Chemist: 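One structure, as structure tokens, below. Some questions next.
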Amino acid sequence: FLTASAIGRKTGVSEATIIRLAQTLGFNGYPDFQKSLREHFQERLTTVHRLEKTLEHPEASGSLIEALKMDMKNISSMAESISEKAFDTSVTQLWKAKKIFIIGLRSAFSLAVYLKFGLRFLGKNVTQFEPVHWDLWDQLVPLGRDNLIVAISFPRYARMTIDAVAFAREKQCKILSITDSLVSPLTSYSDWTLVAPCQSYSYMDSFTAPLALIHALLTAMRLQ
């Protein structure tokens, strides 16, 4: 939310350096870079703030049409921005994997169940990590470089999911993450990341786009 000159003063570089940074990242200039950052952080409100927002504007959150429009916007955004290369690679690796482990905790658990069901229907050997704290690490012990991990997490990201993926990285597993952003904490541990927006007027994330993405993965695998 600072000007380019203010950031320059705080970081000890010139205003021109800040502008060149924005241009190097693909923006026309600093104002476009700043606008993108503002939108990013304003959208990533905490659950409490989103609940307060819902209560302040019940007419938006309670409207069927507005909710459906938001879901359509999420799917449209995903369709425009998703990496086809990452998607195709994910399909190929899921199909080739001899053993697949899926981890999705808290609200993402439902997405993990759906993916597990679809993969098993295709004849894949799949294990879903159960959300039991004292048992999770025992479930992780057998992991090895021949395994493929699918990690699913959305804000606010489950700490246990991140720790599990970090452990899998140490075990040299292949890792596919399904999350809401390329700056998600899962991305740094992953070989491939598929991004599905989950914006919602409600205090809960919308999983319409992530579910559509998982369905697309399963459909593409069926055509292999």
Side-chain angles (χ1 to χ4, degrees), residues 40 43-51 54 67 70-71 73-75 77-78 81-83 86-87 90-91 93-94 97 99-121 124 126-140 143 147-169 173-219 221:
H40 173 73
E43 288 175 354
R44 297 171 67 84
L45 299 173
T46 67
T47 302
V48 172
H49 289 163
R50 287 165 65 182
L51 178 56
T54 299
M70 178 61 78
D71 283 339
K73 179 181 177 182
N74 285 337
I75 291 177
S77 176
M78 178 176 68
S81 61
I82 195 167
S83 167
F87 180 86
S90 300
V91 170
Q93 292 298 325
L94 283 166
K99 179 70 174 179
I100 300 171
F101 291 87
I102 305 173
I103 180 166
L105 304 177
R106 297 173 62 84
S107 58
F109 184 71
S110 58
L111 295 172
V113 169
Y114 183 79
L115 177 59
K116 177 187 69 175
F117 178 83
L119 290 173
R120 285 185 174 174
F121 190 82
K124 303 304 296 182
V126 183
T127 295
Q128 180 183 0
F129 293 127
E130 297 297 327
V132 181
H133 179 77
W134 57 86
D135 188 46
L136 176 62
W137 300 110
D138 290 337
Q139 298 175 56
L140 291 171
L143 294 181
N147 300 141
L148 173 61
I149 309 297
V150 181
I152 308 173
S153 190
F154 292 85
R156 303 173 65 185
Y157 312 99
R159 176 82 256 173
M160 196 180 301
T161 299
I162 300 168
D163 291 342
V165 172
F167 179 81
R169 178 85 284 166
C173 299
K174 295 177 180 178
I175 300 173
L176 162 63
S177 63
I178 298 176
T179 187
D180 70 308
S181 168
L182 289 176
V183 296
S184 162
L186 295 182
T187 303
S188 60
Y189 300 108
S190 304
D191 296 287
W192 316 279
T193 299
L194 297 178
V195 175
C198 59
Q199 296 300 314
S200 171
Y201 285 121
S202 176
Y203 60 93
M204 292 188 66
D205 292 327
S206 169
F207 283 162
T208 302
L211 190 62
L213 173 60
I214 292 172
H215 180 74
L217 284 170
L218 295 171
T219 300
M221 288 180 66

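Nothing here was measured: the structure is a model prediction, and the numbers come from that model.
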Chemist: Ignoring hydrogens and geometry, is there a side-chain-to-backbone donor-acceptor pair from T193 to S190 under 3.5 Å?
Modeler: no

Chemist: Test of understanding: with ring-ring contact (aromatic ring centres under 6.0 Å, His included), list the residues that count as partners of F207, not counting sequence neighbours.
Modeler: F154

Chemist: Relative to the ring of F129, is the ring of F101 parallel (under 30°), tilted (30 to 60°) or perpendicular (over 60°)?
Modeler: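 Ring orientation of F101 relative to F129: parallel.
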
Chemist: Residues in side-chain contact (heavy atoms from CB on, under 4.5 Å) with A97, at least two apart?
Modeler: I100, L148

Chemist: Looking at residues at least two apart in the chain, or sitting in another chain, which of them share a side-chain hydrogen bond (donor to acceptor under 3.5 Å, both in side chains) with T208?
Modeler: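 Applying side-chain hydrogen bond (donor to acceptor under 3.5 Å, both in side chains) to T208 gives D71, S206.
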
Chemist: Which distance, rounded to the nearest 0.5 Å, do you find between the CZ of F87 and the CE of M78?
Modeler: 9.0 Å

Chemist: Is there a donor-acceptor pair closer than 3.5 Å between any side-chain N or O of S81 and the backbone N or O of S77?
Modeler: yes

Chemist: Sorted by first residue and then second, give each salt bridge (charged side-chain N to carboxylate O under 4.0 Å, His left out) pair with at least one member in residues 183-199; sequence neighbours left out.
Modeler: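 Counting only pairs at least two positions apart or across chains, the salt bridge (charged side-chain N to carboxylate O under 4.0 Å, His left out) contacts touching residues 183-199 are R169-D191.
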
Chemist: Test of understanding: with side-chain hydrogen bond (donor to acceptor under 3.5 Å, both in side chains), list the residues that count as partners of S153, not counting sequence neighbours.
Modeler: none

Chemist: Taking side-chain contact (heavy atoms from CB on, under 4.5 Å) as the definition, give me every residue that meets it alongside A108, ordered by chain and number, with sequence neighbours left out.
Modeler: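 Here the qualifying residues are I152.
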
Chemist: Do you know the tightest heavy-atom contact between V195 and S181?
Modeler: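 Reported closest heavy-atom pair: CG1-N, 3.8 Å.
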
Chemist: With rounding to the nearest 0.5 angstrom, report the CD1 to OG1 distance, I149 to T161.
Modeler: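 Separation between the atoms: 12.0 Å.
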
Chemist: Tell me, please, which residues at least two apart from Y189 pass side-chain hydrogen bond (donor to acceptor under 3.5 Å, both in side chains).
Modeler: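 With sequence neighbours excluded, Y189 shows a side-chain hydrogen bond (donor to acceptor under 3.5 Å, both in side chains) to no residue whatsoever.
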
Chemist: Which heavy-atom pair separates P197 from P210 by the least distance, and what is that distance?
Modeler: O-CD, 3.7 Å

Chemist: Which residues pass the side-chain hydrogen bond (donor to acceptor under 3.5 Å, both in side chains) test with K124, sequence neighbours left out?
Modeler: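 Residues passing side-chain hydrogen bond (donor to acceptor under 3.5 Å, both in side chains) with K124: none at all.
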
Chemist: Tell me every residue that passes salt bridge (Lys or Arg N to Asp or Glu O under 4.0 Å) with R159, counting only those two or more places apart in sequence or in another chain.
Modeler: D163

Chemist: Quick check: closest heavy atoms across V126 and K99, and the distance to 0.1 Å?
Modeler: C-NZ, 4.4 Å

Chemist: Is it true that a side-chain atom of S83 and a backbone atom of A86 form a donor plus acceptor pair closer than 3.5 Å?
Modeler: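 Answer holds: yes.
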
